[in-house]
Asks: 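Provided herewith is a single structure, encoded as structure tokens, for subsequent inquiry.
The figures here come from the full heavy-atom set of this structure, side chains too, leaving out hydrogens, waters and symmetry mates. All residue numbers in this chain count up from 1 along the given sequence.
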Amino acid sequence: MAVVALLAAGCTDEEAPATATAQTTGPAVTDSAAGIAEAQKIIDQYRNPPAWQGPNDPVQIGSLAGKKVTYISVSNSIPVLKYWSDKLTGLLQQYGGVQMTVIDAKGSVDEANKGFEQAIAQKADAIVFQALPPALFQAQITKAKAAGIKVISANTGVPGKVDGGQDAEIGFDYVKVGQLIGDWMVVDSQGKGKGLVVSSDDVPASQPQAQATLGEVKRLCPDCDVSMKDVQIPQWQTSVPTLFQTTINSDPDRKYLLPLYDGQALPGLGAIRTAGAGSKVTVGAFNATPGIVEQLKDPASGLKLDIGGHNEWWAYAAADQIFRVLSGAAPIANYQIGLRIFDTSNAELIQGSDEFAWYGASDYKTKFPALWTK
């Protein structure tokens with residue numbers, strides 16, 4: 001899910017204060033032991049297979065056959081985005097007879113705009129735009145809705161947030177991901193950690209996740225210290241290794257290096273390996289991307305935490321949201337799509353080519369279709 005976003009500004013090394021807009025979920029603790037205990041309880045829960053948390057209300061889909069959805073993906077050159085569009089196309093057709101046309105924006109605002117125009121011209125019933133900032137498409141969203149087309153955003157950061165005028169949002173809970181990374185750092189450092197969150201502000205979900213990490217650490221760990229720097233997608237390959245190396249050399253006590261995505265972390269992991277610094281730092285990120293998450297098993301990589309989001313579960317949830325919006329039912333704010341913590345304590349789960357088996361949960365495959373009634 002490390003996505004190509006469209007706010008292609010340059011990299012900055014501006015350090016953001018940990019108190020800026022940090023998101024918190026409860027009262028701050030003043031005792032380190034209490035904070036560690038609370039964080040440990042959360043971590044223990046998310047090391048287990050994710051549990052189904054709804055929705056439970058059925059939705060009538062018998063009248064949806066023949067409806068048309070236009071799906072605008074930020075870039076289907078990214079494997080997980082291609083997987084999502086393919087899987088969702090199949091689910092909509094299989095269960096609802098709904099046709100989905102996929103537009104690959106190829107990382108271009110202009111191409112995404114053309115996708116909106118095509119959907120309006122072809123009288124689509126709904127438009128889904130994936131990993132694209134709603135703020136860039138206010139005019140297009142307004143025009144689509146004026147034409148009677150429903151608009152759904154995907155993976156913009158905060159489940160249920162529709163302040164861009166869209167009818168619904170479907171995404172992972174990036175705020176929860178950020179909190180989990182913070183919880184893990186508190187526990188792993190035993191309440192003494194110094195960390196660096198590496199954001200990527202050209203990704204819509206960046207700030208919700210990053211600020212959630214800052215907020216959770218501040219809430220639970222009075223003796224911890226976390227700063228933040230921004231490295232945007234075009235600079236990942238060059239700036240992340242430099243940032244890691246600089247931090248290791250100039251601030252060796254700041255051992256928790258926390259890029260948002262494991263794809264963002266990957267260039268830095270190579271630099272850590274080259275420098276032989278795997279024992280000096282602790283890298284934690286999100287995605288559990290096959291080909292990267294396996295480095296949890298290699299101490300030389302520095303990777304100690306990789307939270308996974310269940311990508312097939314997301315596709316089923318997206319189908320459900322589309323069915324609800326097309327049928328006139330109330331959308332779901334937060335699908336609680338399965339997350340699981342993978343770290344050095346359970347790295348043995350990362351094996352084989354079936355990434356979905358790592359999560360130990362598959363009931364979404366029966367729970368969702370059971371809600372889709374005709």
Asks: Does the side chain of Pro50 come within less than 4.5 Å of Leu339's, by heavy atoms?
Replies: no
Asks: Does a side-chain heavy-atom distance below 4.5 Å link Thr101 with Gln118?
Replies: yes
Asks: Tell me, do Ile322 and Arg324 make a side-chain contact under 4.5 Å, heavy atoms counted?
Replies: no
Asks: At what distance, to the nearest 0.5 angstrom, does CD of Gln232 lie from CG of Asp201?
Replies: 6.0 Å
Asks: Looking at Lys87 and Asn311, would you say the former's side chain and the latter's main chain have a donor-acceptor pair under 3.5 Å?
Replies: no
Asks: Within the side chain of Lys143, is there an N or O that forms a donor-acceptor pair under 3.5 Å with the backbone of Phe116?
Replies: no
Asks: Flag the pair Leu260 / Tyr174 as yes when at least one side-chain heavy-atom distance between them is below 4.5 Å, and no otherwise.
Replies: no
Asks: If you group Ile, Leu, Val, Met, Phe, Trp and Tyr by side-chain heavy-atom gaps below 4.5 Å, do Val128 and Val162 land in one group?
Replies: no
Asks: Would you tell me whether Glu169 and Thr156 have side-chain atoms, one donor and one acceptor, within less than 3.5 Å of each other?
Replies: yes
Asks: Main chain of Pro234, side chain of Gln237: is a donor-acceptor contact present, judged purely on distance under 3.5 Å?
Replies: no
Asks: What I'd like to find out is whether the side chain of Lys67 reaches to under 4.5 Å of the side chain of Gln99, using heavy atoms alone.
Replies: no
Asks: Give every residue pair that meets the disulfide (SG to SG under 2.5 Å) criterion with at least one member in residues 104-165, sequence neighbours excluded.
Replies: none
Asks: Please confirm whether the backbone N or O of Ala288 pairs with a side-chain atom of Asp262, one donor and one acceptor, at under 3.5 Å?
Replies: yes
Asks: For Arg340 and Gly360, which heavy atoms make the closest approach, and how far apart are they?
Replies: NH1-N, 4.0 Å
Asks: Restricting to ring-ring contact (aromatic ring centres under 6.0 Å, His included), what partner residues turn up for Tyr364, sequence neighbours left out?
Replies: His310, Trp313, Tyr316
Asks: Are Glu38 and Lys41 close enough for a salt bridge, meaning some N to O gap below 4.0 Å?
Replies: no
Asks: I need the minimum non-hydrogen distance between Pro259 and Ala265, along with the two atoms involved.
Replies: CG-CB, 3.7 Å
Asks: Determine which pairs satisfy disulfide (SG to SG under 2.5 Å) with at least one residue from residues 192-265, sequence neighbours left out, and list them in order.
Replies: Cys221-Cys224
Asks: If we ignore hydrogens and angles and just use 3.5 Å, is the side chain of Asp125 paired with the main-chain N or O of Val69 as donor and acceptor?
Replies: no
Asks: Please tell me whether Ser199 and Asp230 have a donor and an acceptor in their side chains that are separated by less than 3.5 angstrom.
Replies: yes
Asks: Is Glu111 salt-bridged to Lys114, cutoff N-O under 4.0 Å?
Replies: yes
Asks: Sequence neighbours left out, cut at 3.5 Å: what donor-acceptor pairs do the side chains of residues 367-374 make with other protein atoms?
Replies:
from, atom 1, to, atom 2, distance (Å)
Trp372, NE1, Asp320, OD1, 2.8
Thr373, OG1, Val59, O, 3.4
Thr373, OG1, Gln60, NE2, 3.2
Lys374, NZ, Tyr95, O, 3.2

Asks: For residues 180-189, which residue pairs qualify under side-chain hydrogen bond (donor to acceptor under 3.5 Å, both in side chains), counting only residues two or more places apart or in two chains?
Replies: Trp184-Asp343, Asp188-Tyr256
Asks: Look only at the side chain of Tyr46 and the backbone of Ile307, and say whether a donor-acceptor pair between them is shorter than 3.5 Å.
Replies: no
Asks: Is Asn76 close to Trp84 at the side-chain level, that is, under 4.5 Å between some pair of heavy atoms?
Replies: no
Asks: Has the side chain of Glu216 got a donor or acceptor atom that lies under 3.5 Å from a matching backbone atom of Ile181?
Replies: no
Asks: Just by distance, no angles: are the side chains of Asp44 and Gln40 close enough, under 3.5 Å, to form a donor-acceptor pair?
Replies: yes
Asks: Does Thr246 reach the main-chain N or O of Leu243 with its side chain, forming a donor-acceptor pair under 3.5 Å?
Replies: no
Asks: Can you see whether Ser301 engages Asp298 through a side-chain donor-acceptor pair at a distance of less than 3.5 angstrom?
Replies: no
Asks: Could you tell me if the side chain of Gln295 sits less than 4.5 Å from the side chain of Val283, heavy atoms only?
Replies: no
Asks: Working to the nearest 0.5 Å, report the span between OH of Tyr71 and CG of Asp86.
Replies: 9.5 Å
Asks: Walk me through whether Met185 and Val226 qualify under side chain to side chain contact (heavy atoms under 4.5 Å, CB included).
Replies: CA-CA 10 Å; Met185 176 186 146; Val226 184; 3.7 Å; yes
Asks: Side chains of Asn155 and Gln130: donor-acceptor distance under 3.5 Å anywhere?
Replies: yes
Asks: Quick one: ring-ring contact (aromatic ring centres under 6.0 Å, His included) partners of Tyr83, sequence neighbours excluded?
Replies: Phe356
Asks: Nearest heavy-atom pair of Gly191 and Ile36: which atoms, and what distance?
Replies: N-CD1, 3.7 Å
Asks: Side chain of Gln190, backbone of Val186: donor and acceptor closer than 3.5 Å?
Replies: no
Asks: What's the verdict on side chain to side chain donor-acceptor pair (under 3.5 Å) for Asp173 and Gln336, showing C-alpha distance, side-chain angles and the deciding distance?
Replies: CA-CA 7 Å; Asp173 190 339; Gln336 307 285 347; 5.4 Å; no
Asks: If we only count heavy atoms from C-beta on, is the Ile341 to Arg47 side-chain gap below 4.5 Å?
Replies: yes
Asks: Is there a donor-acceptor pair closer than 3.5 Å between any side-chain N or O of Gln45 and the backbone N or O of Ile42?
Replies: no
Asks: Nearest heavy-atom pair of Ala105 and Ile72: which atoms, and what distance?
Replies: CB-CG2, 4.4 Å
Asks: Which pair of non-hydrogen atoms, one from Glu348 and one from Ser345, has the smallest distance, and what is that distance?
Replies: OE1-O, 3.7 Å
Asks: Would you name the heavy atoms of Val29 and Gly35 that are closest together and state the gap between them?
Replies: CG2-CA, 3.8 Å
Asks: Please check if any side-chain donor atom of Ser200 sits under 3.5 Å from a side-chain acceptor atom of Asp202, or the reverse.
Replies: yes
